[in-house]
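Take a look at the structure below.
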Amino acid sequence: MTLDIVSLIGGKEASGGAVYDSINPSSVDEVVARVRLADAETFSSACRTAAAAQRDWAQVPAPVRGRVIASIGRLVEANAEALARLVTREIGKPYAEALGEVREIVDTCDFFLGEGRRLYGQTVPSEMPDKSLFTFRVPVGVAAVITAGNFPVAVPSWYLVPALLCGNAVVWKPAEYAAASAHALYRLFAAAGLPEGVLSLVLADGEATHAGLEAALGEGTVHKVGFTGSSAVGRKIGELCGRHLQSPCLELGGKNPMVVMPDADLDLAVEGALFAGFGTAGQRCTSLGTVIVHESVHDEFVARYTRAVAGATIGDPAGEVLCGPLLDHKFAERYEEYLGWIEPHHTVVSGPTGRITADNPRSGFDGAGGLYYHPVVVDGVRAGDRLFMEETFGPIVGVTAFGTLEEAIELADLPGYGLSSSIYTTDPKAAFRFRAGVGAGMVSVNNSTSGAEAHLPFGGNGKSGNGSRQSGMWVLDQFTRWQAMNWDYSGRLQKAQMDVAEIVPDLAYRI
């Protein structure tokens, strides 16, 4: 069944223009949703609607807003299987992973429902008598949230849930190729009782979104921008926000390293590298980019990793597979460009490359009708190679060798990203030295580069983001502003730093 969907603003359907077909990447002739795309004016209009609705929403007591978040969690939980199946159908994510993604929304709601009773400020002692100082968290206003489609429901919840909990209104622009999943999630949020206009869904392409966002920033109807996507687009969002003196929340790409020390459990490292490199067909911001293996165990690791990749199942994402197809035609085309970065000094140890077809099958699987690609492991990658330096959004992993931990840390940081990282070792000293030296926002020890929990900060540095963090209590700083208040009940004007009592010490005293 093909869905016909449009933007939803103030609880009402908005007119759309050009039609975008969101396909099933495991069967590209199947159209999951026919999406009518909005223009720039529709986006900016949604922001005006949100600004009007936000004032009343902010007056709702925070514990009551927390109960709305609790209701969202229960609704998502009750619809988990249906939502996961839609995610699998629309973006080709294996059903087990899709179900885990939906579970992450529930976890996020469970965490933040309690934050409605913990949006704490502080009582601060004054330097003067008969005067009290206070701090309060206040909502920023309207948040414009723009998300990618590789995690079409979990990652949006990282923005939507805390933003709404804190008393903001949200205009959400999901990826066009995941519009049906986004539309379903919006309906679940709306069913929890959100007032009209507090959350709007705008389905638009990148050009219309940028123009609409620029207009809204100019009008003063957007006060925070959250963006998950590529580093290139993140720079444009950052530049636009900077012109309006705003600091966006940017969660961008990664070239995530995994360091394998000589004392590592190699079977465990291989298992982690398999999931991090090829889960979601390598289309996560936290996907493994390069395995940096100690020279003493390099050959053995590569041999075991090659066997594991060869034995992994790729196919229908509704089944038990390591990965399914690439997300969409545009990602398949881009991935084929990355395969062109393989150089003569590289060694492809994993077998065939390119699209899986009847002429280029994988263990009897011919990939008929879908955007399926062979997983690729490239040994002999060197610092400076494009495969080493740039994000490759797809099922390709590079391998290089190192001699000392200091060298490994230098290689890990060289590409200039800083999202996720991993080290496999049984030596606590090596683990903590790696943690202190690497520039990534997230570090795993004896675990893969992929995987987040709802109560830990998520985010990166360098090309991976601007230091902002999502998830846990840390994201509250993205969607609230600190307001200070001083209350002088002395009955006279007391001037800070001037009318302060002084107790004079005898600094010349000696024993």
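We count residues from 1, following the sequence as given.
- Between Glu41 and Arg48 a salt bridge is recorded (basic side-chain N to carboxylate O distance below 4.0 Å).
- Side-chain contact annotation: Gln283 with Asn150, donor-acceptor N/O pair under 3.5 Å absent.
- The CG atom of Leu419 sits 9.0 Å away from the CD atom of Glu391 when rounded to the nearest 0.5 Å.
- A donor-acceptor pair under 3.5 Å is absent between the side-chain atoms of Asn466 and the main chain of Ser247, judged by distance alone.
- When side chains are defined from C-beta on, Leu213 counts as touching Ile237, because their heavy atoms get closer than 4.5 Å.
- Looking at Arg243 and Glu214, a side-chain N of the basic residue comes within less than 4.0 Å of a carboxylate O on the acidic one, giving a salt bridge.
- Between Arg103 and Glu77, at least one side-chain nitrogen of the basic residue sits less than 4.0 Å from a carboxylate oxygen of the acidic one, meeting the salt-bridge criterion.
- In this model, no donor atom of one side chain and acceptor atom of the other lie less than 3.5 Å apart for Ser231 and Tyr417.
- Between Val260 and His294, every side-chain heavy-atom pair lies at or beyond the 4.5 Å cut-off.
- Using a 4.5 Å cut-off on side-chain heavy atoms (C-beta onward), Asp265 and Asn446 make no contact.
- If you check the side chains of Thr392 and Lys255, you find a donor sitting under 3.5 Å from an acceptor.
- Ion pair Glu239/Lys236 not flagged as a salt bridge, since none of the NZ, NE, NH1 or NH2 atoms sits closer than 4.0 Å to an Asp/Glu carboxylate oxygen.
- Ser126 places a side-chain N or O within 3.5 Å of a backbone atom of Met128 that can act as its donor or acceptor partner.
- The shortest distance between side-chain heavy atoms of Asn256 and Ser421 does not fall below 4.5 Å.
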Practice problem: Walk me through it: do Arg74 and Asp110 pass the test salt bridge (Lys or Arg N to Asp or Glu O under 4.0 Å)? | Solution: CA-CA 9 Å; Arg74 301 292 74 78; Asp110 285 351; 3.1 Å; yes
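- Within the 3.5 Å criterion, the main-chain N or O of Val161 finds no donor-acceptor partner in the side chain of Ser157.
- Lys495 meets the salt bridge (charged side-chain N to carboxylate O under 4.0 Å, His left out) test with Asp499; sequence neighbours excluded.
- Here ring pair (Phe, Tyr, Trp, His ring centres under 6.0 Å) pairs that include residues 160-215, with residues two or more places apart or in two chains, are Tyr177-Phe331.
- With sequence neighbours excluded, the residues forming a ring pair (Phe, Tyr, Trp, His ring centres under 6.0 Å) with Phe458 are Trp158, listed by chain and number.
- Atoms CE and OG1, on Met485 and Thr123 in that order, are 9.0 Å from each other to the nearest 0.5 Å.
- Of all the heavy atoms in Ala204 and Thr209, the pair that sits closest is CB-OG1, 3.6 Å.
- A donor and an acceptor atom, one from each side chain of Ser490 and Asp488, are located under 3.5 Å apart.
- The cationic atom of Arg284 (NZ for Lys, CZ for Arg) lies less than 6.0 Å from the six-membered ring centre of Phe275 and within 45° of the ring axis.
- Every side chain to side chain contact (heavy atoms under 4.5 Å, CB included) that Ala215 has, sequence neighbours left out, goes to Ser44.
- With Asn79 contributing its side chain and Leu188 its backbone, the two residues share no donor-acceptor pair below 3.5 Å.
- Side chains of Gln478 and Ser468: a donor-acceptor N/O pair is absent below 3.5 angstrom, by distance only.
- Side-chain atoms of Gln246 come within 3.5 Å of backbone N or O of Val222 as a donor-acceptor pair.
- Judged by distance alone, the side chain of Tyr20 and the main-chain N or O of Asp205 form no donor-acceptor pair under 3.5 Å.
- Side-chain N/O atoms of Thr286 and Ser450 include a donor and acceptor closer than 3.5 Å.
- Residues Leu203 and Ile5 have side chains in contact (heavy-atom distance under 4.5 Å, counting atoms from C-beta outward).
- Remark: Lys224 engages no residue in a salt bridge (charged side-chain N to carboxylate O under 4.0 Å, His left out) (not counting sequence neighbours).
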Extract all donor-acceptor atom pairs below 3.5 Å that involve side chains of residues 132-144 and protein atoms in other chains or at least two apart in sequence.
| from | atom 1 | to | atom 2 | distance (Å) |
| --- | --- | --- | --- | --- |
| Ser132 | OG | Tyr489 | OH | 3.4 |
| Thr135 | OG1 | Gln122 | N | 2.9 |
| Arg137 | NH1 | Asp477 | OD1 | 3.0 |
| Arg137 | NH1 | Thr480 | OG1 | 2.7 |
| Arg137 | NH2 | Asp477 | OD1 | 3.3 |

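- Ion pairing between Lys93 and Glu97 fails under the 4.0 Å rule for side-chain N and carboxylate O.
- Side-chain atoms of Asn447 and Ser422, non-hydrogen and from C-beta on, never get closer than 4.5 Å to each other.
- Checking side-chain atoms of Ser200 against main-chain N and O of Ile9 turns up no donor-acceptor pair under 3.5 Å.
- Note that OG1 of Thr49 is 13.5 Å distant from CD of Gln54, once rounded to the nearest 0.5 Å.
- Contact annotation: the side chain of Val35 never approaches that of Val6 to less than 4.5 Å [non-hydrogen atoms, C-beta and beyond].
- Between Arg118 and Met473 the shortest side-chain heavy-atom distance does not fall below 4.5 Å.
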